[in-house]
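Shown next, in structure tokens, is the structure this report addresses.
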Amino acid sequence: IRLYIHANCPSAFRLALVVLVRFCNKFFGDSLTPLTAHRLILCSLMIALKFVDDDSKTSKELAEIGEVDLPTLNLMERSMIQALEFRLFDFGFETLSFCW
């Protein structure tokens with residue numbers, strides 16, 4: 001809830017979900033822990049906010065909101081984007097599959 005209140009960009013949450021699902025399908029499967037899930041959600045939201053909203057929170061602000069140190073969050077962001085091969089655009093097919 002705290003991330004939703006501070007992010008203030010509903011369209012970024014849709015893209016964050018797509019980014020998160022793509023990443024988890026590729027690397028994690030069912031082996032997430034609560035700490036890992038928290039960090040992955042924060043990281044995917046940060047990536048989505050930067051992609052969707054030019055006036056989004058800074059990485060430092062998001063690290064403080066998510067209670068993760070900035071160097072760790074920056075490393076996670078870089079790793080996640082590289083792992084997804086910089087493919088962040090959502091054509092709508094993936095988000096439609098969440099609705100059915």
Side-chain angles (χ1 to χ4, degrees):
I1 294 175
R2 185 172 54 187
L3 290 174
Y4 184 78
I5 291 169
H6 289 285
N8 197 25
C9 184
S11 60
F13 278 89
R14 190 188 83 210
L15 180 58
L17 179 60
V18 170
V19 168
L20 184 62
V21 168
R22 285 180 189 168
F23 187 78
C24 288
N25 284 341
K26 191 169 185 177
F27 293 102
F28 281 96
D30 296 330
S31 63
L32 288 176
T33 66
L35 179 61
T36 306
H38 168 77
R39 290 178 174 211
L40 288 174
I41 291 167
L42 178 63
C43 185
S44 63
L45 179 59
M46 183 172 80
I47 291 168
L49 280 168
K50 289 181 176 183
F51 189 79
V52 172
D53 186 9
D54 289 334
D55 296 322
S56 66
K57 300 277 187 195
T58 64
S59 297
K60 183 179 179 183
E61 291 171 318
L62 287 168
E64 290 171 1
I65 293 166
E67 298 177 352
V68 175
D69 63 293
L70 183 58
T72 300
L73 187 59
N74 286 336
L75 178 62
M76 289 172 50
E77 176 190 22
R78 191 169 42 254
S79 299
M80 186 179 276
I81 290 173
Q82 288 173 345
L84 295 173
E85 299 171 346
F86 298 89
R87 294 183 181 146
L88 300 177
F89 191 78
D90 173 31
F91 292 100
F93 303 115
E94 290 174 280
T95 51
L96 282 176
S97 69
F98 299 138
C99 299
W100 304 109

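What you see below is based on every heavy atom in this structure, not just the backbone, and it leaves out hydrogens, waters and symmetry mates. Predicted, not measured: the structure shown is a model, and the values here were computed from it.
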Using side-chain heavy atoms (C-beta onward) and a distance below 4.5 Å, is [X] in contact with [Y]?
{"X": "Arg39", "Y": "Thr72", "result": "yes"}
{"X": "Thr58", "Y": "Glu61", "result": "yes"}
{"X": "Leu45", "Y": "Leu20", "result": "no"}
{"X": "Val52", "Y": "Arg14", "result": "no"}

Measure the spacing between [atom1] of [X] and [atom2] of [Y] and express it to the nearest 0.5 Å.
{"X": "Ile81", "Y": "Ser44", "atom1": "CD1", "atom2": "OG", "result": "11.0 Å"}
{"X": "Arg22", "Y": "Leu15", "atom1": "CZ", "atom2": "CG", "result": "7.5 Å"}
{"X": "Leu62", "Y": "Ile47", "atom1": "CG", "atom2": "CD1", "result": "11.0 Å"}

Exercise. Say whether Leu84 and Phe51 are linked into one hydrophobic cluster, either directly or through other cluster members, by side-chain heavy-atom distances under 4.5 angstrom.
Key: yes
Practice problem: Report yes or no: do Ile41 and Val19 belong to one cluster of Ile/Leu/Val/Met/Phe/Trp/Tyr joined by side chain heavy-atom distances under 4.5 Å? | Solution: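 Same hydrophobic cluster.
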Quiz item: For the residue pair Ala63 and Asp69, what are the closest heavy atoms and their distance?
Solution: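 In terms of heavy atoms, the two residues are closest at CB-C, 4.4 Å.
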Quiz item: Which heavy atom of Ala48 sits nearest a heavy atom of Ala16, and at what distance?
Solution: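 Distance-wise, the nearest heavy atoms are CB-N, 3.5 Å.
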Practice problem: Please collect all salt bridge (Lys or Arg N to Asp or Glu O under 4.0 Å) contacts where either partner lies in residues 40-52, sequence neighbours excluded, each pair once. | Solution: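 Salt bridge (Lys or Arg N to Asp or Glu O under 4.0 Å) check on residues 40-52 returns Lys50-Glu77.
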Exercise. Show your reasoning for whether side chain to side chain contact (heavy atoms under 4.5 Å, CB included) applies to Ile65 and Leu42.
Key: CA-CA 9 Å; Ile65 293 166; Leu42 178 63; 5.8 Å; no
Quiz item: Is the side chain of His38 donor-acceptor paired with the backbone N or O of Gly66 at a distance under 3.5 Å, no angle test?
Solution: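 Confirmed, His38 side chain pairs with Gly66 backbone.
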Quiz prompt | side chain to side chain contact (heavy atoms under 4.5 Å, CB included) partners of Leu75, counting only residues at least two apart | solution = Arg78, Ser79
